[in-house]
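Since the structure comes first, as structure tokens, the remarks are kept for the end.
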Amino acid sequence: MLNRDDIRRYSRQLLLNEIDEEGQANLHRAHAVVIGLGGLGTLASRFLVGAGLGNITLIDGDIVDVSNLQRQVTYNETHLGDLKAKALGNELHKVDPNINIRAKSVFAEKRNLQKLIDDATCVLDCTDSVAIRRDINAACVAAKKPLFIAAASGFSWQAINLPCHSFLASAHQLAPGSGCTCETDYSSQTEHAGQANQQCQTQNVSRNVAPPCGCYNCLVAQHNVTQDCQSQGVLGPVVGIAACHQATQALLFLAKRHLAKIQWGRYIVGNAIDASVQSFHLPPSPDCKVCQ
């Protein structure tokens, strides 16, 4: 139940059907793990906390360098030399002192990823390395954690939402034709209201289910995704575009979970110079050793 202060703080987004009061309560109970606290992670985390996320884990073993300030908007010169996780955690507490923030000043790697994401509702991959993205992807597939990935280099940004495989399996079982209907004539509306509501939600699930998709390992096998901002350079606002998209997708999922109207498995590539956006569905690779 939202109190008066909550309603005032989140009044603008409560007007949205994709959030509403139920979604706001879901956000408060949710836990997002953000891996990589650079240009993507700092901005995405700020939007998650500002929107009312109740629990967030911040993961990065790096320190703030002067070269970060061009695109990592949460930091300033007073943070130079500080651990990013602690510096960002302190800044986010200023936004909402009631949020549960875990600051982990460690680098994510194979040996610790499963423990780091164990109780997450979803994971945001904000790293800048194909190798670590593959490790995060493998950990999320094994733990069945929805994964939101974004990246930026030059004037291009990319993003993809990868679902929890157990969610896809259960949702596809509820597809049209599986016997669900919202037209049953109940003799007692009161007695069966709960059943009717559940069947309506089942139908909504089926409408939001995309075709089976691959994982990040499938993406790397099918397409060239080797570019990064260290080798290609990047303009700060382009990173911001990617982070805003990533945070939006994660918030919509955290608010409505399986009912969220987001695109799973669709790889998006945007270009800030010519204002173009292209996308395609990522099919699973039959021989993928991670998700198949």
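Residues take their numbers from the sequence shown, with the count starting at 1.
Side chain to side chain, Arg134 and Asn137 fail the donor-acceptor criterion of an N or O pair below 3.5 Å. A donor atom on one side chain and an acceptor atom on the other are not found under 3.5 Å apart for Asp287 and Ser285. A side-chain N or O of Ser156 and one of Gln158 form a donor-acceptor pair less than 3.5 Å apart.
Contact check for Leu251 versus Thr248: no side-chain heavy atoms found under the 4.5 Å cut-off. When side chains are defined from C-beta on, Tyr216 counts as touching Val130, because their heavy atoms get closer than 4.5 Å.
For the pair Cys126 and Leu40, the tightest heavy-atom approach, listed with the atom from each and the gap, is CB-CB, 3.7 Å. Here the closest non-hydrogen pair linking Cys291 and Cys218 is SG-SG, 3.5 Å. Nearest heavy-atom pair across Pro284 and Pro212 is CD-O, 3.5 Å. Residues Ile99 and Gly54 come closest through the heavy atom pair CG1-O, 3.3 Å. Annotation for Ala85 and Ala103: closest pair O-CB, 3.5 Å, computed over non-hydrogen atoms. Between Lys256 and Glu18 the shortest heavy-atom distance is CG-O, 3.4 Å.
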Leu92/Leu58 under side-chain contact (heavy atoms from CB on, under 4.5 Å): CA gap, chis, key distance, verdict: CA-CA 11 Å; Leu92 294 179; Leu58 309 170; 3.9 Å; yes
side-chain contact (heavy atoms from CB on, under 4.5 Å) evaluation trace for Asp125 with Phe148: CA-CA 6 Å; Asp125 184 344; Phe148 298 87; over 6 Å; no
Asp62 vs Leu37, side-chain contact (heavy atoms from CB on, under 4.5 Å): CA-CA, chis, key distance, verdict: CA-CA 8 Å; Asp62 203 1; Leu37 306 178; over 6 Å; no
Test side-chain contact (heavy atoms from CB on, under 4.5 Å) applied to Asn68 and His79, step by step: CA-CA 11 Å; Asn68 301 148; His79 296 122; over 6 Å; no
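Cluster annotation: Val106 and Leu113 are assigned to the same hydrophobic cluster (Ile/Leu/Val/Met/Phe/Trp/Tyr, side-chain heavy-atom contacts under 4.5 Å, transitive). In this structure, Ile7 is not a member of the same hydrophobic cluster as Ile19, with clusters built from ILVMFWY side-chain heavy atoms closer than 4.5 Å. The hydrophobic cluster containing Ile35 also contains Val220, counting ILVMFWY residues as joined when their side-chain heavy atoms lie under 4.5 angstrom apart, directly or transitively. By the criterion of side-chain heavy atoms lying less than 4.5 angstrom apart, applied directly or through intervening Ile, Leu, Val, Met, Phe, Trp or Tyr residues, Leu69 is not grouped with Val73; the two fall into different hydrophobic clusters. Clustering ILVMFWY residues whenever any of their side-chain heavy atoms sit less than 4.5 angstrom apart, transitively, puts Leu43 in a cluster other than the one holding Leu254.
Going from atom CG of Leu88 over to atom CG of Asp82 covers 12.0 Å, rounded to the nearest 0.5 Å. A distance of 12.0 Å separates CD of Gln246 from CZ of Phe47, quoted to the nearest 0.5 Å. Separating the CD atom in Gln292 from the CG atom in Asn217 is a distance of 10.5 Å, to the nearest 0.5 Å. One distance of note links CH2 of Trp264 with NE2 of His258; it measures 12.0 Å at 0.5 Å rounding. Atom SG of Cys122 and atom CG of Leu48 lie 7.5 Å apart (nearest 0.5 Å). In this structure, the separation between CZ on Phe253 and CG on Leu259 is 10.5 Å, given to the nearest 0.5 Å.
Sparse packing is recorded around NZ of Lys104, with 12 or fewer heavy atoms of other residues, nucleotides or ligands lying under 6.0 Å away.
No donor-acceptor distance shorter than 3.5 angstrom exists from the side chain of Gln278 to the backbone of Asn271, with no hydrogens or angles considered. Checking side-chain atoms of Asn112 against main-chain N and O of Ala108 turns up no donor-acceptor pair under 3.5 Å. A donor-acceptor pair is defined here as one N or O able to donate and one able to accept, closer than 3.5 Å; no such pair exists between the side chain of Glu91 and the backbone of Arg46. Formation of a donor-acceptor pair under 3.5 Å by the Gln13 side chain with backbone atoms of Ala51 is found in this model.
Each of Asn55, Thr121, Thr57 was checked for a side-chain hydrogen bond (donor to acceptor under 3.5 Å, both in side chains) with His31, and the lone residue meeting it is Thr57. Shown are Glu22, His28, Arg29; of these, the side-chain hydrogen bond (donor to acceptor under 3.5 Å, both in side chains) with Asn26 is made only by Arg29.
Ring geometry, His223 versus Tyr267: the interplanar angle falls under 30°, so the pair is classed parallel (tilted spans 30 to 60°).
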